[in-house]
Colleague: 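Just dropping this structure here.
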Amino acid sequence: MISQKMTDAINKQINNEMYSAFLYMSMSAYCSNIGLNGFATWFMVQYHEEMLHAMKQYNYLLDQGSQVHLQAIKEPPKVFASVRDMFEKTLEHERFVTRSINDIADLALQEKDHATYQFIQWYVTEQVEEEKNDNELLLKLKLAGEAGPGLFMIDGQLSARALTVQSDFSQGIVAAAP
Ligand code: OFO
């Protein structure tokens, strides 16, 4: 059993994860519209990962006998100034998500809620990876250039990003190929 305050915090985080999914799906659509299919693939994989993040929290609330409260998801931007603008917005958003995950970890410690503290550690680790990926892509864009051959080279690389999450998000992570 977890507190009502913790239940509210996790429900808010489900909404944050779903907004992340919307944001990255919107970025994916924008990339497809401008012919950057590799970037579109990268953001679509990211969309699936965010839905998994939301579903893990949804299942956790149910496992704890708590009430899931789905809330309205705000509209993400649909037009972006450049690919770099998209990754700057992505990094800024992921930093916000990291703070929000840390707040849940802080609350779990305050409440001596060991189950949630352990549960949220998966996200703490995941956020390091997410921010690292965004920082690396921003660096690559800076080095290779944000237009012409450099941009197309990165687009080609990103097209190789494979789906790590099943499309039935509640089923977890796809087993790695042998
Ligand atoms: Fe992109 O982060 Fe979820 O948690």
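Start at 1 and go down the list; that is how both ligands and their atoms are numbered. Position 1 is the first residue of the sequence; numbering continues from there. Note that this is a predicted model, so its numbers are computed, not measured.
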Colleague: Does any part of the side chain of Ile14, heavy atoms only, come nearer than 4.5 Å to the side chain of Leu70, both counted from C-beta?
Modeller: yes

Colleague: Answer with side chain, backbone, both or neither: which part of Glu50 has a heavy atom less than 4.0 angstrom from an atom of ligand 1?
Modeller: side chain

Colleague: Strictly by modelled atom types, are Gln13 and Asn16 linked by a side-chain donor-acceptor pair under 3.5 Å?
Modeller: yes

Colleague: Out of all atoms in ligand 1, which are within 4.0 Å of some heavy atom of Val97? Include the element for each.
Modeller: 2 (O), 4 (O)

Colleague: Looking at atom 1 (Fe) of ligand 1, is one of the N, O or S atoms of Glu130 less than 2.8 Å from it?
Modeller: yes

Colleague: Is there a side-chain contact between Phe43 and Cys31, using heavy atoms and a 4.5 Å cut-off?
Modeller: yes

Colleague: Measuring from atom 3 (Fe) of ligand 1, name the closest N, O or S atom belonging to Glu17.
Modeller: OE1

Colleague: So Val45 and Tyr24, do their side chains get closer than 4.5 Å, heavy atoms only?
Modeller: no

Colleague: Answer yes or no: is there an ion pair linking Glu126 with Lys56, defined by an N-O contact shorter than 4.0 Å?
Modeller: no

Colleague: If we ignore angles and hydrogens, is there a donor and acceptor under 3.5 Å between the side chains of Asp106 and Gln110?
Modeller: no

Colleague: Closest non-hydrogen protein atom to atom 2 (O) of ligand 1, residue and atom name please, with distance?
Modeller: Gln127 OE1, 2.9 Å

Colleague: Are any N, O or S atoms from Glu126 nearer to atom 3 (Fe) of ligand 1 than 2.8 Å?
Modeller: no

Colleague: Quick check: does Glu94 have an N/O/S atom under 2.8 Å of atom 1 (Fe) of ligand 1?
Modeller: yes

Colleague: Which of the N/O/S atoms in His53 sits closest to atom 3 (Fe) of ligand 1?
Modeller: ND1

